[in-house]
Asker: 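This is the structure I have questions about; it appears just below.
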Number of protein chains: 2
Amino acid sequence: MSQKKLRIRCWIELDDSKFFGPGRAELLELIVVHGSVSKASKAMGMSYKKAWEMVNDLNNRSPEAFVVLQKGGQKGGSAMLTDFGRMFLKKYRELDEKIKSIATEGEHLLDRL
Amino acid sequence: MSQKKLRIRCWIELDDSKFFGPGRAELLELIVVHGSVSKASKAMGMSYKKAWEMVNDLNNRSPEAFVVLQKGGQKGGSAMLTDFGRMFLKKYRELDEKIKSIATEGEHLLDRL
DNA sequence: AAGCGATATGTATATTTGGAAATATCGCTT
DNA sequence: AAGCGATATTTCCAAATATACATATCGCTT
């Protein structure tokens, strides 16, 4: 048998460049848990810079911000999702689930890989 | 209005690395039309090397080849899809359509971008 | 057997990406 | 009001990627 690991994933493109996909979804989830971009990036083994650029890109290219960032303060700073960010993340996960179910029902394109 | 171009796309991962997505789908379609990797790559503004590496990767990592390549001969060489390659491409396009319809039915996650 | 057209492969260069480290920020503590 | 701590933000340089270009290969045609 092939024993190959197969996955179907989706992402959203905005003006012909990637805007939202599995990586950003995971990052946002970890920001919810940890309350900072720094901790979230460490938790997923990503460099802080890359994580910060993702957050920055989400906020800049969307008409509504995904994440509110605060620097300084008692704990040095913080990050939390906006209502819009949480809503978007939830809907993306729902879509992801639907796609997974489509891909596994009946005979499909992965059967012979 | 936002006037932003929005798309939702999917790709297939095999053993944690990308295997098939929109780029390779388009390349295969152009190979069907033109009958060579060279012309197909030019038609989509991609370097020949990159296109060749895509075809090579598809053939190597799949148990069944996607493309049959011939070098030399009357026209210097040629490329054509296998039955498997055509079948896979067709099913991928069907999946793409289903995902698109899911993402656009009713209120969805793209509404506020 | 020489030439042709396209594949197949390698090399050098430009471009993009990525990480490490330095810097700026700000409420709290003292 | 000066220092601290944890984070956000920027700078700089290494490393991975991609592109352009050059070369080798092959089988048919003539």
Side-chain angles (χ1 to χ4, degrees), chain A residues 11 13-62 65-82 85, chain B residues 11 13-62 65-82 85:
Chain A
W11 77 92
E13 252 175 42
L14 197 150
D15 296 330
D16 291 321
S17 73
K18 280 185 198 170
F19 178 69
F20 200 91
R24 293 184 181 198
E26 185 183 352
L27 179 61
L28 291 187
E29 282 162 357
L30 288 169
I31 287 174
V32 170
V33 173
H34 291 101
S36 86
V37 175
S38 173
K39 284 178 185 168
S41 66
K42 282 192 182 101
M44 67 187 286
M46 174 187 292
S47 74
Y48 175 78
K49 183 189 175 177
K50 185 170 180 179
W52 183 84
E53 282 172 343
M54 282 183 174
V55 170
N56 195 42
D57 188 62
L58 288 172
N59 282 343
N60 283 341
R61 293 170 64 200
S62 164
F66 279 68
V67 180
V68 174
L69 296 172
Q70 255 191 336
K71 54 186 170 184
Q74 179 170 13
K75 297 185 300 180
S78 68
M80 60 178 283
L81 267 63
T82 62
Chain B
W11 78 91
E13 253 175 42
L14 196 151
D15 297 329
D16 291 320
S17 73
K18 280 185 197 168
F19 178 69
F20 200 91
R24 294 183 180 200
E26 185 182 353
L27 179 61
L28 292 186
E29 281 161 357
L30 289 169
I31 287 175
V32 169
V33 173
H34 291 101
S36 87
V37 176
S38 173
K39 284 178 185 167
S41 66
K42 280 193 184 101
M44 66 187 288
M46 174 187 294
S47 73
Y48 173 78
K49 185 178 181 178
K50 186 170 180 178
W52 182 83
E53 282 171 346
M54 281 183 175
V55 170
N56 195 43
D57 188 61
L58 287 173
N59 282 342
N60 285 340
R61 293 169 65 197
S62 164
F66 279 67
V67 180
V68 175
L69 295 174
Q70 251 188 339
K71 53 185 169 184
Q74 182 172 12
K75 297 185 300 180
S78 68
M80 60 178 283
L81 267 62
T82 62

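In the text below, chain A, chain B and the rest are named by the order of the sequence lines, each starting its count at 1. The basis for the numbers below is simple: all heavy atoms, side chains too, and nothing from hydrogens, waters or symmetry mates. Please read these numbers as outputs of a predicted model, since none were measured by experiment.
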Asker: Measuring from atom CG of B/Leu14 to atom CG of B/Asp57, what distance do you get when rounded to the nearest 0.5 angstrom?
Answerer: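 Between atom CG of B/Leu14 and atom CG of B/Asp57 there are 9.0 Å.
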
Asker: Would you be so kind as to tabulate the donor-acceptor pairs closer than 3.5 Å made by side chains of residues 67-77 of chain A, with sequence neighbours excluded?
Answerer:
none

Asker: How would nucleotides 12-19 of chain C be written as a contact map, 5' to 3', with B for base contact, S for sugar-phosphate-only contact and - for no contact, using protein heavy atoms under 4.0 Å?
Answerer: ------BB

Asker: Contact class for B/Ala79 (heavy atom, under 4.0 Å): base, sugar-phosphate, or nothing?
Answerer: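 B/Ala79: no heavy atom of the nucleic acid under 4.0 Å.
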
Asker: Can you measure from CE (A/Met54) to NZ (A/Lys18) and round to the nearest 0.5 angstrom?
Answerer: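 Rounded to the nearest 0.5 Å, the CE-NZ separation comes to 9.5 Å.
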
Asker: Mind telling me whether B/Phe19 and B/Phe66 have parallel, tilted or perpendicular rings, with 30° and 60° as the class edges?
Answerer: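 Taking B/Phe19 first and then B/Phe66, their aromatic rings stand perpendicular (interplane angle over 60°).
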
Asker: Convert the base pairs of DNA chain D into dot-bracket notation, remembering that pairs crossing earlier ones are written with [ ] and that bases paired across to another strand are shown as |; include only Watson-Crick or G-U pairs under 3.5 Å.
Answerer: ||||||||||||||||||||||||||||||

Asker: Quick test: give all pairs of protein nitrogen or oxygen and nucleotides 2-6 of chain C nitrogen or oxygen below 3.5 Å, distance rounded to 0.1 Å.
Answerer:
unit_1: C/dG5; atom_1: O3'; unit_2: B/Lys75; atom_2: O; d: 3.3
unit_1: C/dA6; atom_1: O4'; unit_2: B/Lys75; atom_2: O; d: 3.1

Asker: OP1 or OP2 of C/dA8 less than 4.0 angstrom from a side-chain nitrogen or oxygen of B/Trp52, does that happen here?
Answerer: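 For C/dA8, OP1/OP2 do have a side-chain N/O of B/Trp52 under 4.0 Å.
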
Asker: In whole Å, I'd like the distance from the CG atom of B/Asn59 to the C1' atom of C/dT7.
Answerer: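 So the CG-C1' distance, B/Asn59 to C/dT7, works out to 14 Å.
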
Asker: If the condition is salt bridge (Lys or Arg N to Asp or Glu O under 4.0 Å), which residues does A/Glu26 pass it with, not counting sequence neighbours?
Answerer: none

Asker: Going by the side chain to side chain donor-acceptor pair (under 3.5 Å) test, which pairs reach into residues 28-42 of chain B, not counting sequence neighbours?
Answerer: B/Glu29-B/Arg93

Asker: What is the distance, to the nearest angstrom, from the CE atom on B/Met54 to the P atom on D/dT17?
Answerer: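 Value for this atom pair: 14 Å.
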
Asker: List the atom of B/Leu27, the atom of B/Ala51, and the distance in Å for their closest heavy-atom pair.
Answerer: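 The answer is CD2-O, 3.8 Å.
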
Asker: Okay, side chain of B/Ser62, backbone of B/Ala65: is any donor-acceptor separation there less than 3.5 Å?
Answerer: no

Asker: Can you tell me which residue pairs pass the salt bridge (charged side-chain N to carboxylate O under 4.0 Å, His left out) test with a partner in residues 45-56 of chain B, sequence neighbours excluded?
Answerer: none

Asker: Who passes side chain to side chain contact (heavy atoms under 4.5 Å, CB included) against A/Asn60, sequence neighbours left out?
Answerer: A/Asn56

Asker: Could you check how far NZ of B/Lys42 sits from P of D/dT19, rounded to whole Å?
Answerer: 15 Å

Asker: Supply the atom-to-atom distance B/Leu28 CG to B/Leu81 CG, rounded to the nearest 0.5 angstrom.
Answerer: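 Answer for the CG-CG pair, B/Leu28 versus B/Leu81, is 5.0 Å.
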
